[in-house]
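Only a predicted model underlies this, so the values are computations on that prediction, with no experimental measurement involved.
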Amino acid sequence: MATRDWPMLGPVFAQEWRAASRAWQGYALRSLLVLLLLLGLSGVWLDQQDTSEDLSIRQWAEIGREFYAATSLILLGLVGLAAPAATAGAICVDKARGNLALLLATDLTAREIVLGKLAGRLVPVLGLIACAAPVLALATPFGGVDPALLVGAMLVCLACGVFGCSLALALSVWGKKTHEVLLATYAFGIAWLVAAPAWAGLAATLPWSARPSWIPNALALLPYNPIFLVLAPLGAPGGMGPVGLAEQARFCLLGLAASAILAATATWRIRAVVIRQSGGVGRPARERRLGRRLPSPSLDFNPVLWREWHRRRPSRWTVFIWGLYGLASGGASSWAIFDALRGAGMIARDLGAVLNGFQASAGLLLLSVSAATSLAEERQRGSLDVLLTTPLTTRSIVLGKWWGAFRGVLPLAVLPVLVASALATQHTGFALGPALIGGLILAYGAAITSLGLALATWLPRMGRAIGLTAGLYVVVTVGAIPAGMILFGEGSGTAGPGVASASPFWGIGFSSAVFGGSDGSNHRLDHQAAWLAFWIVAYALIALGLLLATLMTFNRCLGRVEGRIGRR
């Protein structure tokens, strides 16, 4: 394999493939996928099984359809997370270490470097999809699922995996830090998933009688949404034709074509970008002067926190991504607040609650990408060794890193609290609800921050720490909802909705609906408030436990010997 016999790949692909095959994390990720798929199947079976009588053919077919929906969505979500995480540091890490400049000085072509790295990082992602195929096939014996649906779902997942790897690799050429590349890739994915429902909601308010012919209709973007393509064969919305294997194959071809364009662009620009960045200069003095004017903690209070506050000023990539998030969330929240204050109907209030849950969970997802970087970046570059040789205590180092990462949680709670306040003030008058929602967001953020710091301490590779932090967050966000509903019931008198509040999306969105009087199930306000108080305490204890575990294992994992310095 370490020859040029592989077309357009060469020895770079051989090295990447060999490294991936020897890493245990790839096999663990495949085992995790199969475990999640089997848990999804078990959840569907427990939800649909009726032991009092034999199941009819229609019920067996419904179980098969839900098997297909659960397993395909789990596969799609894990591929969407794993593909960018596997490729985000492919180029920027080698640039930071100086290895890429040496690699470009060899007789290897830019095509062999880019395509070799892309193919080597894509192999584990394709292995995930291949491992899921037998589990997906379990839905066919029950009936109700055409085997062509399985092929179509695999094509959609293949397109998302290849495009996610290609986009992360292309951004890695220009990016300087792994977490910035991963942040930009996930932000693009969130925007792509939201584009179709957002346009459908916006189009519903437009005066279509005066609409120009070049403006697409409300359902125009749905055929390009991967979640819709996976679920649409089970029942497409009215106004659309049947969605099947042809539409899914077209989406796959478009995804592969876009991936090829991204790979060609990265190949074309990699040498010029590396040469320019290797001789780049620091930030302008104007930006540094602006940073000194911002409020910051005292140097005497915690030198590490002071250093984090000044060293980790947001880069242009970070400012751009969070700026887009702020503009989108601010505009949507303003619309929800205006509708709530003017006494909008039940549908508008439900949309406001869904928006509240989505913007909070999306912001926390972006935060999970950055949670592990405060420690992992310095550990990867070697600058953490200098910090460890100082007389600073381990406690001050860890707490300084934690507070430096946690400061990003506070702005995420502002807009959801304002939306919840508007819903509660206008409809139920439950003043405690918005305060509980704000506290819940802070508790979620504290747990994510502690998890990222712990994984950055325990795992030496930054990409794995970041990917695992984001992956665990998504598993809890998505998995807590069906687990709570299936195991504890869905009605207003059951504990299912309260248990599902472990999910940030459900905890913020459903609670906003309950406190705004628009949940439609007559849930008691005090009952949901009690559950929010429980999860605030639970997540605070989880954050504290992870932080204590990090403090106890920090010296051993990083090879530090902390001792008392004697006086002279």
Side-chain angles (χ1 to χ4, degrees), residues 36-37 39-49 66 69-71 73-74 77-78 227 231 349-365 368 412-413 416 419-420 423-424 430 432-434 436-448 451 470-543:
L36 290 176
L37 291 175
L39 288 177
L41 295 177
S42 302
V44 171
W45 177 257
L46 292 175
D47 187 40
Q48 293 291 333
Q49 187 181 20
E66 295 205 12
T71 53
L73 287 179
I74 291 174
L78 196 56
I227 297 179
L231 299 180
R349 282 184 281 163
D350 286 338
L351 290 177
V354 172
L355 167 68
N356 223 22
F358 180 81
Q359 70 176 353
S361 57
L364 290 173
L365 173 61
S368 68
L412 296 178
V419 174
L423 291 172
F430 190 66
L432 184 60
L436 290 173
I437 288 179
L440 189 61
I441 294 176
L442 296 180
Y444 290 145
I448 293 171
L451 176 63
L472 290 176
Y473 167 76
V474 172
V475 168
V476 173
T477 302
V478 177
I481 302 174
M485 299 301 182
I486 293 173
L487 298 177
F488 298 95
E490 302 180 16
S492 59
T494 62
V499 175
S501 296
S503 165
F505 175 78
W506 183 266
I508 304 302
F510 178 74
S511 300
S512 299
V514 172
F515 299 149
S518 62
D519 62 298
S521 301
N522 297 322
H523 286 83
R524 293 173 52 189
L525 297 179
D526 55 349
H527 186 262
Q528 184 63 20
W531 274 108
L532 292 192
F534 168 79
W535 285 116
I536 290 174
V537 175
Y539 272 106
L541 292 177
I542 291 173

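Contacts of Ala69 classified as side-chain contact (heavy atoms from CB on, under 4.5 Å), with partners at least two apart in sequence or in another chain: Leu231, Leu234. Take Ser501 and apply the side chain to side chain donor-acceptor pair (under 3.5 Å) test, not counting sequence neighbours, and it matches Gln528. In this structure Ile481 satisfies the side-chain contact (heavy atoms from CB on, under 4.5 Å) test together with Ser503, Phe505, Trp506, sequence neighbours excluded. Residues forming a ring-ring contact (aromatic ring centres under 6.0 Å, His included) with Phe488 (at least two apart in sequence, or on another chain): none. Annotation: side-chain contact (heavy atoms from CB on, under 4.5 Å) contacts of Ala483 (sequence neighbours excluded): none. Partners of Tyr539 by ring-ring contact (aromatic ring centres under 6.0 Å, His included), not counting sequence neighbours, listed by chain and number: Tyr444, Trp535. Every side-chain contact (heavy atoms from CB on, under 4.5 Å) that Ala360 has, sequence neighbours left out, goes to Pro416, Ile441, Ile508.
Closest non-hydrogen pair, Leu532 versus Gly507, comes out as CD2-O, 4.1 Å. Of all heavy-atom pairs spanning Ile542 and Ala447, the tightest one is CG2-CB, 4.5 Å. Across all their heavy atoms, Ser512 and Ala420 have their closest contact at OG-CB, 4.2 Å. Nearest heavy atom pair, residue Pro482 against residue Gly479, reads CD-O, 3.4 Å. What you find for Met485 and Gly496 is that their closest heavy atoms are SD-C, 4.0 Å.
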Stepwise side chain to side chain contact (heavy atoms under 4.5 Å, CB included) check, Leu472 with Leu451: CA-CA 9 Å; Leu472 290 176; Leu451 176 63; 4.1 Å; yes
Derivation of the side chain to side chain contact (heavy atoms under 4.5 Å, CB included) call for Leu423 and Phe515: CA-CA 7 Å; Leu423 291 172; Phe515 299 149; over 6 Å; no
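Using a 4.5 Å cut-off on side-chain heavy atoms (C-beta onward), Val499 and Trp531 make contact.
For the atom pair CD1 (Ile536) and CG (Leu442), the distance works out to 8.5 Å, reported to the nearest 0.5 Å.
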